[in-house]
Amino acid sequence: MISDLWYKNAVVYCLSVESFMDSDGDGVGDFRGLTRRLDYLHGLGVTAVWLMPFQASPGRDDGYDVSDFYSVDPRYGTLGDFVEFTHAAKQRGMRVLIDLVVNHTSDQHPWFQSARSDPQSPYRDWYVWSDRKPKSADQGMVFPGVQKTTWTRDPVAKKYYFHRFYEFQPDLNTSNPHVQAEILRIMGFWIQLGVSGFRMDAVPFVIAEKGPDVTTPKEQFQMLRTFREFLQWRKGDSVILAEANVLPEDDMKYFGVDGDRMQMMFNFHVNQRLFYALASGDARPLAEALKETQSKYDTAQWGIFLRNHDELDLGRLDPKQRQAVFDAFGPDKTMQLYDRGIRRRLAPMLNGDRRRLELAYSLMFTLPGTPVMRYGDEIAMGDDLSLPERYCARTPMQWSSEKQGGFSKADKTFLPVISGGGFGFETVNVAQQRRDPNSFLNWIERIIRMRQELPEIGWGDCVSLPTSDEAVLALRYDWRNNAVVILHNLAAEPKEVGFKVGPTDGEPGRLVDLLAQAHSEADEDGRHRIVLEGYGYRWFRVGGLNYLLDRSDI
Ligand code: NOJ
């Protein structure tokens with residue numbers, strides 16, 4: 001297999017321009033500020049930046065309600081600033097992915113304004129209408145508790161329009177060939193401006209049939225192939241990272257059985273079991289989820305994440321498991337959202353406990369796929385639960401202990417900087433953690449560096465090794481005659497585990513510890529016995545040196 005699929009060994013960092021760095025003192029982050037912080041990201045080891053929506057938008061869903069797909073919202077800068085940014089990223093060898101939000105538009109988008117006001121408008125059929133309120137109108141809301149319906153009457157059109165999300169986000173009629181052509185045009189535009197691909201929003205809804213009579217929407221999977229073909233024709237190394245929270249049995253429909261659809265998808269199935277494992281200390285459902293989502297095609301890749309900008313969605317756990325995660329990480333109603341998830345950031349969920357944070361991020365960086373971090377993760381930033389819905393985890397980046405955490409010179413920022421308490425900018429910030437060799441930031445930097453040197457994880461085959469303890473997850477990766485073994489103890493107590501590595505080209509009897517001096521030699525039976533401290537983790541190379549011999553061909 002050729003090895004220039006850059007996304008296989010990438011470290012992705014997700015941020016919103018709005019919350020990262022304000023260069024002009026208006027209280028809102030911007031492209032110029034972000035560009036100045038690229039060296040910071042580069043130094044951290046980030047190889048690809050994923051930008052949340054920055055196009056013109058009324059901002060009622062934090063930019064996921066776009067009113068002009070071919071623009072930069074003036075609050076963040078200009079198209080010129082954007083191109084300077086992609087160029088600066090390229091100079092540092094970093095890629096840029098951007099959000100592609102084409103399931104819906106803002107209700108302020110000129111297409112919708114034209115469609116609603118004129119039955120003859122060429123944009124009328126770009127949206128999904130009904131004369132009467134469909135029977136299914138009170139079903140399928142994505143934001144239950146906040147969103148009341150999926151069909152709302154428009155007083156101008158005097159018809160109902162379909163919206164999978166909030167009522168100000170009318171769904172595009174994605175079956176319409178004109179809409180499909182426009183989606184390609186949008187991709188082509190941004191590709192031309194220097195991006196390497198897209199995080200595609202709400203993919204199952206983009207490809208679903210929509211209409212007043214649709215009860216069980218069929219997916220139009222051929223659309224995914226069209227997107228990919230177009231992209232690869234325009235720019236061969238561009239990718240789509242799909243947001244699709246689907247069941248394992250449907251994974252290959254999204255990747256494509258011939259690997260001809262999405263290159264990447266977020267692994268929501270694993271994400272939920274990962275949180276269950278962290279909450280319960282039982283690694284077995286996580287090991288099972290890894291097996292169920294084993295990648296079946298060489299170019300397909302999972303995006304592995306802990307928390308993202310939305311709630312931690314626990315909707316696909318069984319009720320007992322879900323309750324266990326709520327009890328451990330979000331017991332208060334104020335911490336929960338949409339009847340299915342937790343809206344906190346990771347560090348407060350884990351009470352800022354360094355051992356558990358290291359365990360969680362060690363897992364994120366070593367589960368099969370490409371790690372996707374979120375801004376602020378590297379300094380263990382907290383949240384502000386006084387903010388509504390998901391905004392609690394979208395506060396300004398904490399750079400220093402200066403005014404507004406060094407994010408802005410303004411007196412008021414778009415959302416308040418977290419101040420005071422255990423997670424305020426006065427104590428949790430980049431500048432302070434840089435000076436401290438034992439800080440979380442320096443730990444993350446080291447772990448990213450090591451992860452980059454283990455292409456086996458991004459590229460290789462992964463199996464879980466049977467251990468004698470259900471709290472311990474032992475994974476072995478193989479790629480090009482190299483093997484690594486990674487252990488995690490999900491329990492608070494120390495565990496001694498015994499396991500065999502299995503056959504290798506190197507010396508299976510020797511495990512070289514990559515993060516500490518705790519190497520292991522197998523006994524006469526070929527069994528390793530390893531003691532892991534509570535919440536402990538170990539990264540081993542099997543055999544040691546053959547790694548250096550075989551890497552020359554990548
Ligand atoms: C998924 C995004 O992650 C979320 O933030 C947004 O609200 C919806 N899609 C609607 O675009």
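Order of listing sets the numbers, starting from 1, for every ligand and every atom in it. Computed from a predicted structure; not experimentally measured.
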Do the numbers put Arg37 on top of the ring of Trp399, so that NZ or CZ is under 6.0 Å from the six-membered ring centre and no more than 45° off the axis?
yes
Residues Asp237, Arg95; criterion salt bridge (Lys or Arg N to Asp or Glu O under 4.0 Å); working and verdict
CA-CA 11 Å; Asp237 59 354; Arg95 309 248 177 190; 2.8 Å; yes
If we count only N and O atoms by modelled type, under 3.5 Å, do the side chains of Asp377 and Tyr361 hold a donor and an acceptor together?
yes
Residues which pass salt bridge (charged side-chain N to carboxylate O under 4.0 Å, His left out) with Glu209, listed by chain and number, not counting sequence neighbours
none
Exactly one of Val372, Thr293, Leu367 clears side-chain contact (heavy atoms from CB on, under 4.5 Å) with Trp302, and that residue is Thr293
With hydrogens left out, which residues have an atom under 4.0 Å from ligand 1, given that only heavy atoms count?
Asp61, Tyr64, His104, Phe143, Phe165, Arg199, Asp201, Glu243, His309, Asp310, Arg390, Arg394
Does a salt bridge link Glu311 with Arg340, judged by any charged N lying under 4.0 Å from a carboxylate O?
yes
